[in-house]
Every structure is written in C-alpha cells, then in structure tokens.
Protein chains: 2
Amino acid sequence: MPSQTTSTNGAAANGSAKRGRPGYDQQSVLRIAVDVFNRHGYDATSMGILADNLGISKSAIYHHVPSKGDLLKLALDHALGGLESILEQPEAAAGAADARLEFVLRRTVAVLVERLPFVTLLLRLRGNTEIERNALERRRTFDHKVAALISAARDEGSLRQDIDPRTVTRLLFGMINSIVEWYKPGGSLSPGKLADDVITMAFDGLHGHTAPTA
Amino acid sequence: MPSQTTSTNGAAANGSAKRGRPGYDQQSVLRIAVDVFNRHGYDATSMGILADNLGISKSAIYHHVPSKGDLLKLALDHALGGLESILEQPEAAAGAADARLEFVLRRTVAVLVERLPFVTLLLRLRGNTEIERNALERRRTFDHKVAALISAARDEGSLRQDIDPRTVTRLLFGMINSIVEWYKPGGSLSPGKLADDVITMAFDGLHGHTAPTA
DNA sequence: CCGGGCCGACCGACCGTTCATGAGAAACTA
DNA sequence: TAGTTTCTCATGAACGGTCGGTCGGCCCGG
C-alpha cells in the first residue's frame, strides 16, 4: 500500500559516489515526508505512517533527521526562502509600483509552482508549535511587504481606489495561494500561462474590458 | 488559560426553562468545539484540550455527542447545508447565466460569513476519515455546479474567453474561500461591502476599467 | 574494517473512549 | 410546604492503543 519508491530506495539521483550502505539521504527523506504531510496533514501524519511510505523503519528516520519538527522546519525554510528571495531581486525594488507588483506576483506564482509541496505545507500551518509560529511570522512579513507594494500602486493611480487595499491584498493572496490546492505540474496548463491567467484575472477581471495596453 | 465561558457554563441563552442540571447542551458544545478545532486544527485538537476549553471534564463531552468524529460531522453538515441551499433558490436557476452566477457568488460570500467557523472547518479538511471524504465529495459537487454556471456565462459571451473555465473556477473559489482565513465579523468591513468587493474584483479586476453599467 | 544506513524492542506520555456514580434543578406527590 | 422522584449534566479512574523518540547492535559496500 505505501507508495514506496521502488528498488533503489529513492536515494536521489546522487551522481557523486558515496561510502557506506546505499539508501536514503536527508534530501530524499525530506521530499517524501513533505508529500506525505500534504496528503494527510502534518499533525495527522505519524512517524510510523511516514516510515511506511519511505519503506524503512521508524527509527531509521531518526538517522537522517533529529525530530519530526526538524523535518517540518527544513521544509518551511525551503518554502520561505523561495518567497523571500523574490523581494530581494532588483525588479522588485525599482520602477513603477504597478510594474514591481506585477513582477512580484508573477514570481510568487512561479515559486509556488517550483516548490509546490513545500509551499503547500507552509500555507496550511495552524501555528501549534514554535516552529510553525516562526514560519507564520516570516510569511506575514512577506505578505506585508507585498501589501505595501499594492498600496503604492494604488497611490500611483494604477489601481482602483474603491476597495480597501487590505481587502485587495487578502483577496489577491487568496486567489494566488489557492494554486497549491489544485495545480498539477506537467499538465496542459504551463506555469507561464498560469501566471498570465492570474495576472489577467487580478488586473482585468472576468469581464475583460481590457484597457488599450499603453 | 482555557478561554472558558464564565459562570453560566455557556449553556446558550436558552430562554425556555429546562429540566435537570444546568450546563451545556449539544449546540453550545458544538459551537465552542468548532472554534477550538479551527484554532488548533481538527487533528491536533485532543478531547482533553477541548474539555479544557469547555471547562468540563473530557468524559462529559461524551454526554452530548457520541464521538469526536460526530462532532466534526455535525459541523460539516451545517456548513454544507448552507452552501447547498444556495443552489436550490429560484434566483440560481432562472435568468441569464451571468446574473445567476453573480447571485450564487454573493450568496456564497454571505454563507461563508454567516457560518464562518463551520465553513472554515470544512475548507481545511484533508480527507483522512470517511466522514471527511464524504464532506469533501459534497463540496466538490457544489463546486462543479458553480463551474457549470461559469461555463454557461462564458458561452453566453458574458465572460472573457481567453482563460480556461476550469482555471477561472478555481481562482475564483480560491479568492472567495480565502475569506474564512481573514474575515472578522463585526469589524469595519460589512458582509455586504465584502460581497461587493469580491464581485468587483472578480468581474472587473484591480485596474477597474468598468464598462458603462448598461 | 570503517562508517553510513538500518532494524527491533522498548519508553513514557498522551490519545479517544467507557463506566459507575454524583450533583443539582424542575416536576410530582402528600 | 416538605419530601420524593425524575431528568440532565457532570465526574474521575481506567482501558487499549498510538504517539514521538531512544537505544544497542546488525548489515554491507568502499
């Protein structure tokens, strides 16, 4: 029943020769763990279930990672790192606010897709442990910076002014973040077209009375 | 620490005189339980934690409800009942597709707000138990019916045609469903204005090149 | 023969649930 | 009015089971 990775215990296509008995390394354990976490929910995933899915014993997991919480922490760091790096890029800091906003939104969609399972895990946190609360804090910081960008674009006159910018931010993030709940990479919808669709819906809406593009 | 309801054990403002020892009834237990479930996540909420929040013992909970799963089932039925009743109303069945769509979306936002904690619980399910899978199935049925409405509006020419209707549906639901993650009733944003904002963002987008309203 | 990878047995804590019984207010009887 | 019954809500100890995590030792390829 466990969707175990066959034969070569999933030890990741590790090009470099390694000593010792072949098997998992931390990266491949993490990859599979995140998948299982997303399938059952983090809290509902016991180390026993995780071990079944890995095809190794429960105690073997502790050879690769010190605790269940560390597994979560590694995953969340990867997700948050991807998001935070967006705002460090030059295109996010220079130019007209609405152009910067579009850049950030496109990159956010891209990161969601590239690191799909990791970001999925992040977006489903409830903040039960200190690890989760730290991650939620970092995510909130990211959200606030984007919210500031939206306010700037609004003040520039690029965005409609009849909706509270905080409402706009939340609805926008709601739309974008929902991607992790349904997007399947490798399907007919490419990441590029997905980003286009998101931008189109966000800026021009369903009716599509598109303004003459400058 | 538990945010227990003081003095009158929270037995709901029940006007009619009741026999027996005063205390909780099923409804008030359910209300608080759903709140706690939403704060910690359903799986992460133990009956012990729940009992602490109720201010009664763990075993007392079983006087009101036969199991933790039944508590979840009651909550999900309430949420799903609200959503499903939308599509049974006449305004959802007659008239132009885009008018029907707007009606359904407005009512959906309203139900989300009216039954906020219950719908929140529903939207966070992972499908671990049979109860959860049944609920997810009912939710999927609702989504599909709205998706059909979107397709109809598109075929009518009311909606833009450069985005796959399934993508539209998902982004739209992503935006609307996100409400449960941030909306606080009683604040400065009224449910009516919220629905207006959602409709505006969905149909006309952030740029707001609104077409002359007929 | 070293060292990374793994195992089975085990731990204390906590899980959801059960049970026999107590507490307390309304309703009935005298 | 006083006493008794009836009804609902609540209790605390305990059950079998599962949780995250530990420990000591075996496996096996470079």
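This structure is a prediction, so every number in the text was calculated from the model and none was measured. Convention: sequence-line order gives letters A, B, ...; per-chain numbering from 1.
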A/R126/A/E132 salt bridge by N-O under 4.0 Å criterion: no

Rounded distance in Å - CG (B/D25) to P (D/dA10): 9 Å

Interatomic distance where NZ belongs to A/K58 and P belongs to D/dG24 [whole Å]: 17 Å

B/R133/B/E137 salt bridge by N-O under 4.0 Å criterion: no

Sorted by number, the residues of residues 60-77 of chain B with heavy-atom contact under 4.0 Å to DNA chain C: B/Y62, B/S67, B/K68

Sugar-phosphate, base or nothing in reach of B/S59, heavy atoms under 4.0 Å: base

Atom-pair distance (OH on A/Y24; P on D/dC28), nearest Å: 18 Å

Sequence-distant partners of A/D143, salt bridge (charged side-chain N to carboxylate O under 4.0 Å, His left out), two or more places apart: none

With B/H78 via ring pair (Phe, Tyr, Trp, His ring centres under 6.0 Å) - residues at least two apart: B/F118

Atom-pair distance (CG on A/L50; P on D/dG21), nearest Å: 11 Å

Salt-bridge contact A/D35-A/R31 (side-chain N to carboxylate O under 4.0 Å): no

Separation of C/dC6 P from A/I56 CD1 (nearest whole Å): 5 Å

Short side-chain N/O contact from A/S46 to OP1 or OP2 of D/dC19, under 4.0 Å: yes

Between D/dT22 (C1') and A/M47 (CE): distance, integer Å: 12 Å

Cation-pi, A/Y42 ring and A/K68 (6.0 angstrom, 45 degrees): yes

